[in-house]
Amino acid sequence: MNLKSLFLLSAIATLLGCSAEQQAVEAAAVSDGLPDGAYLIEGVTVTENGEVSEYTRDQIKIYTNGRFMYAFNNAQTESIDVGAGDATWSNGVMVEVPRVNHNGPVSGYSFDVAIDQTETGFEQTILGMEYEGGRLLDMVEVWNTASTETSVFDGLWQLEARQSDDSELSAFSETKMIGGGHFIWLQNVVYKGEAGQDFGFGTFAVDANGDAVETAMISSLEDYEGTVNAVKMELIDDNHFTQSFTYNGELVTQSYVRM
């Protein structure tokens, strides 16, 4: 169960670029409070009509350069739960404006998320959250810092172009977040005439030559979990990068624009 997943709508992501100056302002706004980085959830406490329930799950959340993204397999809905957008820190409150979720682009939503920093990460509290059927829930999420490492590729990115010889793939869109030594990707595809949506997240390390290693932790694709993948990355300018990798013996090149 996740706040953003209760309200977000469907479609495919909007492309918005952002200047280097704007990114710096947004990054400073976040870093004045909760540090940019990757966080892993420890547990969730939900209170409804005085009844308390505890949940655990494998979920990540990344804040970087004034953006956020989270992802997990939602056992309650038996589907993936992924969202991303703008994040601005203000007096102990993270203002999150979702721009995309697992179904596509979203707009018109803004959430004030109360965050208390802890020695190991932060606690996120949502009081009086409206759920299905008018139910009201209080929810507290405990998050642990995974890493606050940085790289020149940190940020929220939208796929612009994909070069591949796979004729069975008729549609492919992707949102990718890099930050805190971790990555998240969300893909919406049409393969062999069937639509699908998947995500994956894990650790990310890149050297000065753009040689990156992505080690998958959790995914909606079981055969992706635990894999170690070499990716060649090139920063074109502040708002664009390319990555190339080998998939099923084929070289795939993808181009991204900063959201």
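Residues Ile62 and Leu40 fall within the same hydrophobic cluster, defined by Ile, Leu, Val, Met, Phe, Trp and Tyr side chains chained together at heavy-atom separations under 4.5 Å. Both Val44 and Phe111 are assigned to one and the same hydrophobic cluster, defined by single-linkage of ILVMFWY side chains at heavy-atom distances under 4.5 Å. Both Tyr55 and Leu137 are part of a single hydrophobic cluster, where members link through side-chain heavy atoms under 4.5 Å apart. Put simply, Met233 and Leu251 are part of two different groups of oily side chains (I, L, V, M, F, W, Y) that touch within less than 4.5 Å, one to the next. Criterion: ILVMFWY side-chain heavy atoms under 4.5 Å apart, direct or through other members. Under it, Val93 and Leu34 are not part of a common hydrophobic cluster.
Residues Val228 and Val213 meet the side-chain proximity criterion, which asks for heavy atoms closer than 4.5 Å. The closest side-chain heavy-atom distance from Ser173 to Gln187 is not below 4.5 Å. Between Thr47 and Met139, every side-chain heavy-atom pair lies at or beyond the 4.5 Å cut-off. Side-chain contact between Pro98 and Val106: present, with at least one pair of heavy atoms (C-beta onward) separated by less than 4.5 Å.
Here NE2 of His182 is found 13.0 Å from OG1 of Thr64. Values are rounded to the nearest 0.5 Å. For the atom pair OH (Tyr247) and CG (Asn229), the distance works out to 10.5 Å, reported to the nearest 0.5 Å. The distance from the CH2 atom of Trp157 to the CD atom of Glu174 is 13.0 Å, given to the nearest 0.5 Å. For the atom pair OG1 (Thr56) and CD (Gln59), the distance works out to 11.5 Å, reported to the nearest 0.5 Å. Rounding to the nearest 0.5 angstrom, the gap separating the CG atom in Asn209 from the CG atom in Asp207 is 5.0 Å. Taking CE of Met217 as the reference point, atom OG1 of Thr227 lies at 12.5 Å (rounded to 0.5 Å).
Between Met69 and the choices Ile178, Val82, Ile60, the side-chain contact (heavy atoms from CB on, under 4.5 Å) rule is met once, by Val82.
The shortest non-hydrogen separation linking Glu250 to Ser164 is OE2-OG, 2.9 Å. The nearest pair of heavy atoms linking Val97 to Ser110 is CG2-OG, 3.9 Å. Here the closest non-hydrogen pair linking Gly128 and Leu136 is O-CD2, 3.8 Å. In plain terms, the two heavy atoms of Phe172 and Val189 that are nearest each other are CD1-CG1, 3.4 Å. Between His102 and Asn188 the shortest heavy-atom distance is O-ND2, 3.1 Å.
Taking the salt bridge (Lys or Arg N to Asp or Glu O under 4.0 Å) definition, one finds that Asp211 meets it with Lys232, sequence neighbours left out. Under the ring pair (Phe, Tyr, Trp, His ring centres under 6.0 Å) criterion, Phe122 pairs with Tyr39, Trp143, sequence neighbours left out. With sequence neighbours excluded, the residues forming a side-chain hydrogen bond (donor to acceptor under 3.5 Å, both in side chains) with Glu54 are Thr45, listed by chain and number. Judged as a ring pair (Phe, Tyr, Trp, His ring centres under 6.0 Å), and not counting sequence neighbours, the contacts of Tyr224 are Trp185. Remark: Ser220 engages Asn73, Ile80, Asp198, Phe199 in a side chain to side chain contact (heavy atoms under 4.5 Å, CB included) (not counting sequence neighbours). Partners of Phe204 by ring pair (Phe, Tyr, Trp, His ring centres under 6.0 Å), not counting sequence neighbours: none found. With sequence neighbours excluded, the residues that form a side chain to side chain contact (heavy atoms under 4.5 Å, CB included) with Asp58 are Ile218. Every residue was checked against the salt bridge (Lys or Arg N to Asp or Glu O under 4.0 Å) condition with Glu149, not counting sequence neighbours, and none meets it. Taking Ser147 as the reference, nothing meets the side-chain hydrogen bond (donor to acceptor under 3.5 Å, both in side chains) condition, with sequence neighbours excluded. Residues that satisfy the side-chain hydrogen bond (donor to acceptor under 3.5 Å, both in side chains) test with Gln254, not counting sequence neighbours, are Arg162, Tyr256. Shown here are the side-chain hydrogen bond (donor to acceptor under 3.5 Å, both in side chains) partners of Ser53, two or more places apart in sequence or in another chain: there are none.
At least one donor-acceptor pair under 3.5 Å links the side chain of Asp237 to the backbone N or O of Asn239. For Asp36 (side chain) and Asn65 (main-chain N/O), a donor-acceptor pair under 3.5 Å exists by modelled atom type. For the pair Thr118 (side chain) and Gly121 (backbone), a donor-acceptor distance under 3.5 Å is present.
Between Tyr70 and Phe72, the angle of the ring planes lies from 30° to 60°, which puts this pair in the tilted group.
Sorted by first and then second residue, the salt bridge (charged side-chain N to carboxylate O under 4.0 Å, His left out) pairs involving residues 176-190 (not counting sequence neighbours) are Lys176-Glu214.
Judged purely by distance below 3.5 Å, without hydrogens or angles, the side chains of Thr175 and Gln158 pair a donor atom with an acceptor atom. Checked by atom type, the side-chain pair Ser255/Thr242 shows no donor-acceptor distance below 3.5 Å.
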side-chain contact (heavy atoms from CB on, under 4.5 Å), that's the test. Do Met259 and Arg99 meet it? Break it down for me.
CA-CA 9 Å; Met259 293 181 67; Arg99 292 169 59 183; 3.9 Å; yes
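For Glu222, the CD atom is loosely surrounded, since the number of other residues' heavy atoms within 6.0 Å does not exceed 12. Within 6.0 Å of atom CD in Glu51, 12 or fewer heavy atoms from other residues, nucleotides or ligands are found, so the atom counts as exposed in its surroundings.
Salt bridge annotation for Arg57-Glu141: present, with a cationic side-chain nitrogen under 4.0 angstrom from a carboxylate oxygen.
For Phe201 and Phe183, the ring centers sit 6.0 Å or farther from each other.
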